[in-house]
Colleague: 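Let me begin by handing over the structure; questions about it come next.
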Amino acid sequence: MKYALYTGCTAKESTPELLKSTLLVAKTLGIEIEVLNEASCCGAGHLQDFDEFLSLVINARNICLAEKRGLKMVTLCNTCQLMLENTKRKLDVDEKLKEKVNQKLGELGYRYVGNTKIQHFLYAILEDIGYEEIAKHIKRPLNLKIAPFYGCHIIRPSKTHDGDNLNENPYKPNAIENLIKVLMGESIDYPTKLKCCGFHVDLQNTPVSEKLTSNILEDATNAGAEAIVTPCPLCHLNLDVKQRAIAKRENKDFNIPVLHLPEMLALAFGYSAEEIGLNHHVIDVKF
Amino acid sequence: MEITLKVYRFNPKKDDKPHFDKYKLELREDAVLLDALNEIKWKFDGSLSYRRSCRHGICGSCAVKLNGKNVLACKTPLKEAIEDFGEVLIVEPLSKNREKIIKDLVIDKKDFWDKNKKVKPYLIANIDEHPEKENLVKPEEVEALENADYCIACGCCFYACESIRANKDFLGPQALAKTYRFSADGRDEAKKERLEFVDKLGIGVWDCVKCQACIEVCPKGVDPFTKITHLHNQIFEEGVAKKNVAAKHAEGFVHSIKKHGILDEGMLVLYSEGINVARHLPEAMEMLKKGKIKFPWNMPKSEGVEEIKKLVEISQTHELKG
């Protein structure tokens, strides 16, 4: 099993713990990883606002890098996943657009074909490895109450993710809940589990972003969660890095650690806090 | 087919608080949610209130929330609903904000209609009211609307919008998709005025949180989110964009990608915010302490960044003006 890993920018910059823990989990599960170091930023859900065509070209090139290697493309960030999948879905049904994009790519010797599957790490390992095999590697059962926070771009729009996220029902997904249970933790339900953290308006409308994140932190805390887990590093930035500032501004007293999804696996697989990179968290993770 | 329905009941004039009534119904295999509501009203409890009219997915009046998803009752087969959500179906109004509830599943959609009205949802053009022959619109001109004209104003997207939950002033997906329906119409003469209106910070396109909920619920395939993206593009193409934090943020990605391939997160915030970057200092200090900030000397670059730069230069379709 070998994946072409599209790390996204945050895993190489503001969330180094995400890349670290992903590599540990892949090693344990026997997955070989080839990092797509030539890849560019996906535009993070904003580049297409400035220039939709440019966004398509840039992401088609990123996909070409996995196609060239003949490997499944695996992402670590919900927004990267959506940007790449959106590009693929658009080009795969529109020959004219694909040709237009390929004209640009052709100048640099690339050609987008459309024969690579693009999956978020969460769904890639569930599809290729499965819960049973994952359970075999547990060395330290979680024994924690964990609140799953999906983040928008991995479950919506369901049509875009069709076939790539185990066909999750966006109103009733269950992959993270199941994974928590398999790792012998307790999955905690709470009202804002499937809502938005507001990350994408954090610069232009900070109060909205902070209000939405605050609701999640508060709901998860009130439901008795000891930690939140998310497959998205952008949600993680809002939930972890901004947590203290938000608590202060919204006059709340939550203080809840937030795990990246691969970190949760790495913890259950018995890796140490140092190996995982838990020292990079703003809200201390001490279990 | 036997189905179990839990229906939200609330009469603000009589009840202190809402409750759910449970009904077990026997219905045809091909029944839709509206059939179930009719069955309850006609056979079990005539006091149940809900809106309905056309029964064909055109009037938009029967929109309700089914197990968390906003749907048209007349277009939702119960069999599929049970496959999606399990044996017990929970029916609620689009919004459970008590001030909006008129009775049971009927809500006052004033907030929705106010936003719709604000974007002038009609063609603005000097037209001959008594033309000698029909004014034909070419198929490619209709295609340019990308189904934005399919909107039936049911409110499913508006009451699913994550941004509106935290920002009452946001125009919302329906009004923005409606804006595109006219800004993309070659006959409309108010394109620039429309774009200037939705470019306003706090109410317009920049305040969409990109949660994709509007795409998920739209029963007519309007895809409001993509229309919002198109509006962003039109705002830049028409030179309407102001050099504020939002426009500079979107444009800043081009600079960063050209320079590093991957993003320079710190520089992007600095470029977007200008002098206001100081407001991020508390978080920046936390990040610095935890090794979450890269400096220019250890900023990672994509391998072969020159190639990426060239690709951006040959593919970029416009620039930030002004």
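Just so it is clear: chains get the letters A, B, ... in the order the sequence lines come, proteins before strands, and each one is counted from 1. The shown structure was predicted, so the numbers you read here are calculated from the model rather than taken from an experiment.
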Colleague: Should Met287(B) and Val241(A) count as side-chain neighbours, where that means a heavy-atom distance under 4.5 Å?
Modeller: yes
Colleague: If you count heavy-atom pairs within less than 4.5 Å of chain B, which of Gly8(A), Ala44(A), Cys196(A) leads?
Modeller: Cys196(A)
Colleague: Which heavy atom of Arg156(A) sits nearest a heavy atom of Cys211(B), and at what distance?
Modeller: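 So the two residues come closest at NE-O, 2.8 Å.
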Colleague: Looking only at heavy atoms, which of residues 75-93 of chain B get nearer than 4.5 Å to chain A?
Modeller: Asp84(B), Phe85(B), Gly86(B)
Colleague: Output the distance between atom NE2 (His200(A)) and atom NE2 (His249(B)), rounded to the nearest 0.5 Å.
Modeller: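 Reported to 0.5 Å precision, the distance equals 9.0 Å.
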Colleague: Can you say whether Pro16(A) sits under 4.5 Å from chain B via the side chain, the backbone, both, or neither, judging by heavy atoms?
Modeller: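 Side chain only.
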Colleague: Chain B heavy atoms under 4.5 Å from Gln103(A): which part of the residue, side chain, backbone, both or neither?
Modeller: neither
Colleague: Could you check whether any side-chain N or O of Arg165(B) sits under 3.5 Å from a backbone N or O of Leu212(A), counting only pairs where one atom can act as donor and the other as acceptor?
Modeller: no
Colleague: Can you tell me how the ring of Phe253(B) sits relative to the ring of His46(A), calling it parallel under 30°, perpendicular over 60° and tilted otherwise?
Modeller: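 Parallel, since the angle between the ring planes stays under 30°.
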Colleague: Any salt bridge linking Asp49(A) with Lys210(B)? Criterion: basic side-chain nitrogen under 4.0 Å from a carboxylate oxygen.
Modeller: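 The answer is yes: the pair qualifies as a salt bridge.
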Colleague: Could you measure the distance from the OG atom of Ser302(B) to the CG atom of Asn37(A)? Nearest 0.5 Å is fine.
Modeller: 8.5 Å
Colleague: Identify which part of Leu263(B) has an atom lying under 4.5 Å from any heavy atom of chain A, answering side chain, backbone, both or neither.
Modeller: both
Colleague: Write down the atom of Ile262(B), the atom of Cys9(A), and the distance for their closest heavy-atom approach.
Modeller: CB-SG, 3.7 Å
Colleague: Gly291(B), Gly304(B), Gly68(B): which one forms the most heavy-atom pairs within less than 4.5 Å of chain A?
Modeller: Gly291(B)
Colleague: Please flag which part of Val277(B) lies under 4.5 Å from any non-hydrogen atom of chain A: side chain, backbone, both or neither.
Modeller: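 Contact with chain A is absent: no heavy atom of Val277(B) under 4.5 Å.
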Colleague: Nearest 0.5 Å please: distance from the SG atom of Cys152(A) over to the CD atom of Gln212(B).
Modeller: 7.5 Å
Colleague: Looking at every heavy atom in both Val312(B) and Leu54(A), which two are closest together, and how far apart are they?
Modeller: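 Minimum heavy-atom contact is CA-CD1, 3.8 Å.
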Colleague: Supply the atom-to-atom distance Ile257(B) CD1 to Ser40(A) OG, rounded to the nearest 0.5 angstrom.
Modeller: 5.5 Å
Colleague: Below 4.5 Å, heavy-atom pairs only: which of Lys294(B), Glu273(B), Arg279(B), Glu265(B) has the largest tally toward chain A?
Modeller: Glu265(B)
Colleague: Asn86(A) versus chain B, heavy atoms under 4.5 Å apart: side chain, backbone, both or neither?
Modeller: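 When you check distances to chain B, no heavy atom of Asn86(A) falls under 4.5 Å.
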Colleague: So which part of His153(A) gets closer than 4.5 Å to some heavy atom of chain B, the side chain, the backbone, both or neither?
Modeller: side chain
Colleague: If we only count heavy atoms from C-beta on, is the Pro157(A) to Glu216(B) side-chain gap below 4.5 Å?
Modeller: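 Yes, at least one pair of side-chain atoms sits under 4.5 Å.
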Colleague: Short question: side chain of Glu52(A), backbone of Asn233(B) - any donor-acceptor pair under 3.5 Å?
Modeller: no
Colleague: Which bit of Leu311(B) comes within less than 4.5 Å of chain A, counting heavy atoms only: side chain, backbone, both or neither?
Modeller: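 Backbone plus side chain of Leu311(B), per the 4.5 Å heavy-atom cut-off to chain A.
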Colleague: Side chain, backbone, both or neither: which part of Pro282(B) has an atom under 4.5 Å from a heavy atom of chain A?
Modeller: neither
Colleague: Given that the side chain runs from C-beta out, which part of Thr15(A) has a heavy atom under 4.5 Å from chain B: side chain, backbone, both or neither?
Modeller: both
Colleague: Is it true that Asp223(B) and Lys159(A) make a salt bridge, defined as a side-chain N closer than 4.0 Å to a carboxylate O?
Modeller: no
Colleague: Using heavy-atom distances under 4.5 Å, tell me whether Val245(B) contacts chain A through its side chain, its backbone, both, or neither.
Modeller: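 Val245(B) touches chain A through side-chain heavy atoms alone.
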Colleague: Among Leu108(A), Val101(A), Leu47(A), single out the residue with the greatest number of heavy-atom pairs under 4.5 Å to chain B.
Modeller: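 When all of Leu108(A), Val101(A), Leu47(A) are compared, Leu108(A) has the most.
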Colleague: Only pairs of heavy atoms separated by less than 4.5 Å count here; which of Phe53(A), Tyr110(A), Phe199(A) has the most with chain B?
Modeller: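 Ranked by heavy-atom pairs under 4.5 Å with chain B, first place is Tyr110(A).
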Colleague: Relative to chain A, which segment of Ser272(B) carries a heavy atom at a distance below 4.5 Å: side chain, backbone, both, or neither?
Modeller: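 Contact with chain A is through the side chain of Ser272(B) alone.
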Colleague: Side chain, backbone, both or neither: which part of Thr192(A) has a non-hydrogen atom closer than 4.5 Å to chain B?
Modeller: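 Only the side chain of Thr192(A) comes within 4.5 Å of chain B.
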Colleague: Identify which of Phe170(B), Trp206(B), Phe225(B) forms the greatest number of heavy-atom pairs closer than 4.5 Å to chain A.
Modeller: Trp206(B)
Colleague: Indicate yes or no: at least one non-hydrogen side-chain atom of Met299(B) is less than 4.5 angstrom from one of Glu13(A).
Modeller: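 Of all side-chain heavy-atom pairs linking Glu13(A) with Met299(B), at least one is under 4.5 Å.
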Colleague: Can Glu307(B) and Arg61(A) be counted as an ion pair, charged N to O under 4.0 angstrom?
Modeller: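 Judged by the 4.0 Å cut-off on N to carboxylate O distance, Glu307(B) and Arg61(A) do form a salt bridge.
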Colleague: Working to the nearest 0.5 Å, report the span between CD of Glu283(B) and CG of Asp240(A).
Modeller: 11.5 Å
Colleague: For atom CD of Glu275(A), decide whether the heavy atoms of other residues, nucleotides or ligands shown that lie under 6.0 angstrom number more than 12.
Modeller: yes
Colleague: Are there more than 12 heavy atoms of other residues, nucleotides or ligands under 6.0 Å from atom CG of Asn298(B)?
Modeller: yes
Colleague: If we define contacts as heavy-atom pairs under 4.5 Å, which of Lys100(A), Lys172(A), Lys211(A) has the most with chain B?
Modeller: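 Answer, by heavy-atom pair count under 4.5 Å with chain B: Lys172(A).
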Colleague: Considering only heavy atoms, which portion of His260(B) lies under 4.5 Å from any heavy atom of chain A: side chain, backbone, both, or neither?
Modeller: neither
Colleague: Pair Glu17(A), Lys292(B) - check salt bridge (charged side-chain N to carboxylate O under 4.0 Å, His left out), show working.
Modeller: CA-CA 9 Å; Glu17(A) 69 278 12; Lys292(B) 283 179 169 290; 2.9 Å; yes
Colleague: Between Cys214(B) and chain A, which part of the residue has a heavy atom less than 4.5 Å away: side chain, backbone, both or neither?
Modeller: neither
Colleague: Quick check on Lys96(A): does its NZ atom have over 12 non-hydrogen neighbours (other residues, nucleotides or ligands) under 6.0 Å away?
Modeller: no
Colleague: Tell me, side chain or backbone of Gln316(B) under 4.5 Å from chain A's heavy atoms, or both, or neither?
Modeller: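 Looking at Gln316(B), backbone and side chain both touch chain A.
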Colleague: How far does OG1 of Thr229(B) sit from CZ of Phe50(A), to the nearest 0.5 angstrom?
Modeller: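 With rounding to 0.5 Å, OG1 (Thr229(B)) is 14.5 Å from CZ (Phe50(A)).
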Colleague: Can you say whether Leu36(A) sits under 4.5 Å from chain B via the side chain, the backbone, both, or neither, judging by heavy atoms?
Modeller: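 When you check distances to chain B, no heavy atom of Leu36(A) falls under 4.5 Å.
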Colleague: Who wins among Ser158(A), Gly198(A), Cys42(A), Cys197(A) for the most heavy-atom pairs under 4.5 Å with chain B?
Modeller: Ser158(A)
Colleague: If I measure from the heavy atoms of chain A, does Asn67(B) come under 4.5 Å with its side chain, its backbone, both, or neither?
Modeller: backbone
Colleague: Going by residue number, which parts of residues 201-209 of chain A are within reach of chain B, meaning a heavy-atom gap below 4.5 Å?
Modeller: Val201(A), Asp202(A), Leu203(A), Gln204(A), Asn205(A), Thr206(A), Val208(A)
Colleague: Considering non-hydrogen atoms only, spot the tightest contact between Asn279(A) and Lys290(B) and give its length.
Modeller: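 Taking every non-hydrogen atom into account, O-CD, 3.4 Å.
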Colleague: Sort Ala245(A) into side chain, backbone, both or neither according to what part of it lies under 4.5 angstrom from a heavy atom of chain B.
Modeller: side chain
Colleague: Got a sec: does the CD of Glu274(A) have more than 12 other heavy atoms crowding it under 6.0 Å?
Modeller: no
